[in-house]
Structure formats: structure tokens, C-alpha cells
Amino acid sequence: MACPFDEDPVDVEAQIIRGFFRRERVIRPHIDVFAYPNEYLKERYRFSKDSLVYLTRLLKPHIANVTNRDSALRTENILCIALRFFASGHFLYSVGDSEHVGKATVCTVCLALKQLLPTCVQFPGHKPLLVIKDEFHRVAGFPNVIGCIDGTHIPIKAPSINEGDYVNRKSIHSINVQVICEATQIITNVEAKWPGSVHDARIFRQSSLCQTFQQGQYNGYLLGDRGYPCLPYLMTPYPEPEPGPQTRFNLAHSRTQAKVEMTIGILKSRFQCLRGLRVSPERACDIIVACVVLHNIATIRGESLLVLRKMAQRNTVRF
């Protein structure tokens, strides 16, 4: 067959219009994720096989493809594409190539997980209030605590609208996220909608949770660092403690409040995408909420961080 480019340009153009150079459709085989061992699944998706089956059943009504095509993505493949992105933080096209699919399914999973936020993230928690207080008391003897609060910055790319609002005190574009947790590293409240320039105290002051505390609906305290004001329902450490009770108060406060710092560290270690998101602020907020929901599910189901520790040791350079 003669090369079409040896022909008259007019004829070549006509052939292009008629679809002469139509690209052949290539359907790549989908990966059977359940055929791999748990260590492989945890390292790439942060969940074991049993938890992946649970998540598939939980999200199937929201993310399943309504089609009769044989090449359509199965629910577990759609879920694992998003989990691979959350766990690695790589570019979406890189994740799509590794999973043998396109890159446009992460948003579907994010929105589905966002719908589970009221169920999976509840304040003061799913346990009885006395159990929550007792778990905090066993940490360092601090009584009547129902949550620890802190803020964390999730870096994002510079947005095209209101760019200056997202520059934090370290001159980095970010989303300032408020996190409240239990003593068992379960997140009970998350506020992921504020630009990086907004202070932690303002985020809490304008949250609906602060209003419910002001109305006296909760019998207990939150513990926060010095970035928050000291309130009847929000305990902060003494700025210059005197020897004796004030020093012991600060020590117990610091040990207990460290639970939220540990929780944020586990969240970011489990989902490396939170180290830096190359998306718009709106989509970044959806991803943050999705990761929080997944973190609670992983914590409740007892997904260990042993694989993450092995990865950290493997990537450590010894001098």
C-alpha cells in the first residue's frame, strides 16, 4: 500500500476528513487488585484486601459505572486509582499509567467519600463521652478532655484567583485545615476550606463547633496550643508557668495535646498527597476531606502503619 503522504495534499486532506487516519482503539487489561498479597496492597493503596472489599461495597452505589460495556472500569479499579493517588501523591497521569486507566476518576471517589463525612467524622465521637474522657485521662492525667485541636497547612499550587490569600506565614500557598481528634487518633472534626493566611484561632471562632460550645452543648474541654485563646471550653498552656501546679498543668497539657500532632502526622504519612497538592483550592479541599474519611476508616479497621515504617526505613539514606 502506498504511503498516503506521497499523494496529492488535497486527497490526503480529504482522506483525513473521511477518517482515513482514525486511531485504533486500544483496550488495556484491567488489574485484578485482589490477586496481590496484603503487603503489596498496603504499600500501594494503604489498605489490606479485606478493607478494600469493605470500601468497594461502601462506595459502589456512588462510583459504579452504569454501563453494559465489557471494557468499563469495575468499582474496585476506580477506588484503587484514587487510593494510589492519595497514597503516593504522584501526578494523576502517572497514576493512570500505572493502573492501566485514564486519570479522570479521582474526583468521583473524592465526592463519594465527601458524602460519608457526616457518618465517619462526628464530634465528640462515636463512643460514649465518658469513654472518650477516660482515654484522654489515661494519657497524662488531664481530666474532662473530649478533644485536642490543632491546625495544619496543606501546600497547594498558586491559585489564579485571590492568590495572596493562600500565602501562609512561611510564604507557601496552602490550605489551613483545622483538625480535632480523640486519644485513639480518630479525627472527630475537620474544617478544610480556609486559605493559608487565615489564623487557627479565627478558623475555630467562625466554625459551627465553636457556636455549639458557646451554647453549652458539650460537657468537657478542648486542648489547644498557644495559637488559640484560653476559653471556658478551650484550655491552653500557661505562657510563663511558675514552678508547681502550673508547670505540672503544662506538662500534662503538652502530653495530651500531642495526640492531635501525632494524628496529623499519621494522616500525612498514610496519604502522601497531603505533602503537596497540585490542584485548585476547591479540589484540594475535597481531597483533604476524602483523606480524613479514609484515615478514620483505616484507624477503626486497625490498618497498621508497619508498611509505612518499612517504607521510611527503605528511603532513609545512611551516612
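In what follows, residues are counted from 1 in the order of the sequence shown.
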Between Phe47 and Tyr54, ring centroids under 6.0 Å: no
Short side-chain to backbone donor-acceptor contact, Gln257 and Ile149, under 3.5 Å: yes
Linked, directly or transitively: Val289 and Val179 (ILVMFWY side chains, under 4.5 Å): yes
Parallel, tilted or perpendicular, as decided by the 30° and 60° cut-offs, for the rings of Phe204 and Phe213: tilted
Sub-6.0 Å ring centroid separation between Tyr233 and Tyr218: no
Minimum heavy-atom distance Cys291-Cys273, with the two atoms named: SG-SG, 3.8 Å
Expected output: side-chain Thr247 to main-chain Glu242 donor-acceptor under 3.5 Å: yes
Trace of the side-chain contact (heavy atoms from CB on, under 4.5 Å) decision for Glu282 with Asp286: CA-CA 7 Å; Glu282 294 77 13; Asp286 290 340; 5.6 Å; no
Closest approach of Pro155 to Ile172 (non-hydrogen atoms, all atoms of both residues): CB-CG2, 4.2 Å
Pairwise side-chain contact, Ser269 with Arg275, heavy-atom cut-off 4.5 Å (strictly under): yes
Thr299 side, atom OG1; Ile187 side, atom CD1 - distance, nearest 0.5 Å: 7.5 Å
Residues Lys127, Glu135: salt bridge by 4.0 Å N-O rule: yes
Side-chain touch Phe136/Cys148, heavy atoms, less than 4.5 angstrom: yes
side-chain contact (heavy atoms from CB on, under 4.5 Å) evaluation trace for Ser51 with Tyr45: CA-CA 10 Å; Ser51 294; Tyr45 307 117; over 6 Å; no
Leu274-Val121 co-clustered via ILVMFWY side chain contacts under 4.5 Å: yes
More than 12 heavy atoms from other groups under 6.0 Å of NZ on Lys268: yes
Test item: side-chain donor near acceptor, Asn176 and Asp200, under 3.5 Å: yes
Euclidean distance, His295 NE2 relative to Glu303 CD, rounded to 0.5 Å: 12.5 Å
Pairs flagged by ring pair (Phe, Tyr, Trp, His ring centres under 6.0 Å) wherever residues 154-195 is involved - sequence neighbours left out: none
Cluster check Ile180, Ile264: I/L/V/M/F/W/Y, side chain < 4.5 angstrom: no
Within residues 223-241 or reaching into it, pairs that qualify as salt bridge (charged side-chain N to carboxylate O under 4.0 Å, His left out) - sequence neighbours excluded: none
Minimal non-hydrogen separation, Ala284 against Ile175, with atom names: CB-CG1, 4.4 Å
Main-chain N/O of Cys181 paired with Gln185 side-chain donor or acceptor, under 3.5 Å: no
Closest non-hydrogen atom pair between Leu129 and Asn219, with its separation: CD2-O, 3.8 Å
Passing option when Met235 is tested against Leu222, Val145, Leu223 for side chain to side chain contact (heavy atoms under 4.5 Å, CB included): Leu223
Shared hydrophobic cluster for Leu267 and Ile287 (ILVMFWY, side-chain gaps under 4.5 Å): yes
Nearest-0.5 Å distance that lies between atom CD in Glu182 and atom NE2 in His126: 8.5 Å
side-chain contact (heavy atoms from CB on, under 4.5 Å) between Lys170 and His153, worked out: CA-CA 10 Å; Lys170 295 183 179 180; His153 288 265; over 6 Å; no
Derivation of the side-chain hydrogen bond (donor to acceptor under 3.5 Å, both in side chains) call for Asn168 and Ser174: CA-CA 7 Å; Asn168 60 26; Ser174 67; 3.0 Å; yes
pair Thr188-Gln122: side-chain heavy atoms closer than 4.5 Å: no
Pairwise distance CG(Asn296) to CG(Leu117) - rounded to 0.5 angstrom: 9.0 Å
Donor + acceptor pair across side chains of Asn38, Ser48 (<3.5 Å): no
Arg44 side-chain N/O to Cys80 backbone N/O, donor-acceptor pair under 3.5 Å: no
Heavy atoms from other residues, nucleotides or ligands near OH of Tyr221 exceed 12 (cutoff 6.0 Å): no
Min side-chain heavy-atom separation Val190-Val177 under 4.5 Å: yes
Phe249 and Phe142 aromatic centres sub-6.0 Å: yes
Shortest non-hydrogen contact between Ser197 and Asp165, atoms and distance: OG-O, 2.5 Å
Distance in Å, Asn144 CG paired with Ile132 CD1, rounded so as to fall on 0.5 Å steps: 12.0 Å
Backbone N/O of Asn250 and side chain of Ser254: donor-acceptor pair under 3.5 Å: no
Spacing of Leu79 atom CG and His62 atom NE2 [to the nearest 0.5 Å]: 12.5 Å
Closest non-hydrogen atom pair, Val139 against Ala183: CG2-CB, 4.4 Å
Atom CD of Gln217 with >12 non-hydrogen neighbours under 6.0 angstrom: yes
Hydrophobic cluster identity match, Leu58 and Ile78, side-chain contacts under 4.5 Å: yes
Heavy atoms from other residues, nucleotides or ligands near CZ of Arg57 exceed 12 (cutoff 6.0 Å): no
Pair Thr56-Val53, side-chain contact (heavy atoms from CB on, under 4.5 Å): steps then yes or no: CA-CA 5 Å; Thr56 300; Val53 172; 5.6 Å; no
Polar side-chain atom of Arg46 near backbone of Ala87 as donor-acceptor pair, under 3.5 Å: yes
